[in-house]
Amino acid sequence: MTDSKAAPKAGLEGVAVADSAIGKIDGSVGELRYCGYLIKDLAEQSDFVETSALLWDGELPNESELESLRNEMKAARALTPLQLDLVRRLAGEQQPMDCLRTVVSACATGNDVLTADPVINRERSIDLTAKLPTIVAAYDRVRKGLPVVEPRDDLDHASNFLYMLTGSVPDAHEARMFDTCLVLHAEHGFNASTFSARVTAATLSDIYSAITSAIGTLRGPLHGGANTAVMNMLLDIGSVDAVESYVDALLQRGEKIMGFGHRVYKVVDPRALILKQFASELAQSKGEPKWFEMSQAIENLIKARKGLDMNVDFYSASTYHYMGIDADLFTCVFAMSRVAGWTAHVLEQYSNNRLIRPRSNWVGPDARDYVPLGSRR
Ligand code: ACO
């Protein structure tokens, strides 16, 4: 289609570009469902591996399907020598999301990388979802000068990540909480990073390119990068007493407060409520209530001053901090979860593909004749 005048939809707000049966959001009542199941039910009763199966296949797996998926994921956790070597080379020089983006890109190998075959791409989805935690944990160990911890296949997905990150098997309750965080972040409809993945897949490019695009898009502070920005803000504020003056100064300068507002939710995001409970519980169990209390004070202030609700990134910051995860890894942790949703969307895009190619309104100069260099002023 040629570029011509029509009312633009800034930010594509409210524009539906495809049919999808993966994540459904009703922002007016704060409801999120994966393939029809309420996020609250999945958070309470499912786990990340089972939820990933649901997203990829559209149905909850039966017992033997789930068992074999758990085994496939465990078998795919270890990095290849090339992938580990890349992590080692990049860890000292690059930010975590830069390293993750590069190593995921390097996961593409072989001559058949471009295939849209659903069976092969489901296997690749499993492989990527299994490997992202290993990349993130190895990155953090290498940059801290610690030995890389190999994955352990007697540990579940969440426990294994925390084990590879810290070198110690985590407390079972905390690992379950972390697994639920992964469930909460796994899918969210046509958000910016998922849309990036689908745009890339829609050219019939490969799944690795699509996920690399998605990681680059997630990283921005208006999207998944907000969780790191929230933690940096909490660290910067430092105490509950300093919250009001700090936040008011930001608002007076017209700056956005990270972790608040949402394109789709007009009431509070259901995931944020669950994360707030986790942060509250961890504040007690760790005997360090400050980060939760500061977060609560900010939440109340932003509601009073701007009428804005918190989003999923707000309490995930203090939750991950209480779990001992460094602030600059938070967006990688988001990617470790959302990769399940991204890959589900890539599979869906390939199954009914149409090139995604919007148009723009021309606002540049009218047609004009080329001016030779010597005649220019
Ligand atoms: N702090 C202060 N004001 C805000 C905030 C905020 N966090 N969010 C929105 N507003 C204000 C805007 O300034 C704007 O006000 P105006 O109409 O007076 O200019 C109004 O609310 C609408 O905001 P937009 O940015 O136009 O809304 P949009 O739907 O484009 O953006 C977004 C949604 C990007 C999430 C926005 O709320 C934001 O920037 N929030 C902070 C970053 C953040 O937390 N991102 C994570 C989102 S969740 C996720 O991606 C996983």
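Whatever order the structure lists ligands and atoms in, that order sets their numbers, starting from 1.
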Contact check: [X] vs ligand 1, nitrogen or oxygen atoms, below 3.5 angstrom:
X    : answer
H223 : yes
F260 : yes
M258 : no
E255 : no

For ligand 1, which atoms sit closer than 4.0 Å to a heavy atom of [X]?
X    : value
F334 : 51 (C)
D313 : 46 (C), 48 (S), 49 (C), 51 (C)
P221 : 42 (C), 43 (C), 45 (N)
A226 : 43 (C), 44 (O), 45 (N), 46 (C)
V312 : 51 (C)
G259 : 43 (C), 44 (O)

Pairing of [X] and [Y] as salt bridge, 4.0 angstrom limit:
X    : Y    : answer
R263 : E13  : yes
R122 : D127 : no
K40  : E44  : yes
R33  : D41  : no
E50  : R70  : no
R101 : D98  : yes
R124 : D206 : no

*Dump the intermediate steps for salt bridge (charged side-chain N to carboxylate O under 4.0 Å, His left out) on E281 and K286, then the final yes or no.*
CA-CA 9 Å; E281 197 183 311; K286 302 280 177 184; over 6 Å; no
_Whether F334 and H185 hold their rings parallel, tilted or perpendicular, with breakpoints at 30° and 60°_ = perpendicular
*Can you name the salt bridge (Lys or Arg N to Asp or Glu O under 4.0 Å) partners of K266, sequence neighbours left out?*
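Not a single residue meets the salt bridge (Lys or Arg N to Asp or Glu O under 4.0 Å) criterion with K266.
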Looking at [atom], tell me if a protein heavy atom falls under 4.0 Å from it.
atom                    : value
atom 35 (C) of ligand 1 : yes
atom 48 (S) of ligand 1 : yes
atom 32 (C) of ligand 1 : no
atom 16 (P) of ligand 1 : no
atom 22 (C) of ligand 1 : no
atom 51 (C) of ligand 1 : yes

Classify the contact between [X] and ligand 1 as side chain, backbone, both or neither, using a heavy-atom distance cut-off of under 4.0 Å.
X    : value
K306 : side chain
N191 : neither
F314 : neither

*So V312 and H262, side chain to side chain contact (heavy atoms under 4.5 Å, CB included) or not? Walk me through it.*
CA-CA 9 Å; V312 70; H262 202 277; over 6 Å; no
How far is [atom] from its nearest protein heavy atom, and which residue and atom name does that atom have?
atom                    : value
atom 5 (C) of ligand 1  : L308 CD1, 3.3 Å
atom 7 (N) of ligand 1  : I257 O, 2.7 Å
atom 29 (O) of ligand 1 : R263 NE, 2.7 Å
atom 26 (O) of ligand 1 : K256 NZ, 4.9 Å
atom 45 (N) of ligand 1 : L222 O, 3.0 Å

*Verdict with reasoning, E31 to K24, per salt bridge (charged side-chain N to carboxylate O under 4.0 Å, His left out)*: CA-CA 8 Å; E31 193 176 278; K24 182 167 183 267; 5.5 Å; no
*asked:* Side chains of S205 and T200: any donor to acceptor distance under 3.5 Å?
replied: no
*asked:* Less than 3.5 Å apart, any donor N or O on the side chain of N71 or S68 sitting next to an acceptor on the other?
replied: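 No pair is found: no donor N or O on one side chain lies under 3.5 Å from an acceptor on the other.
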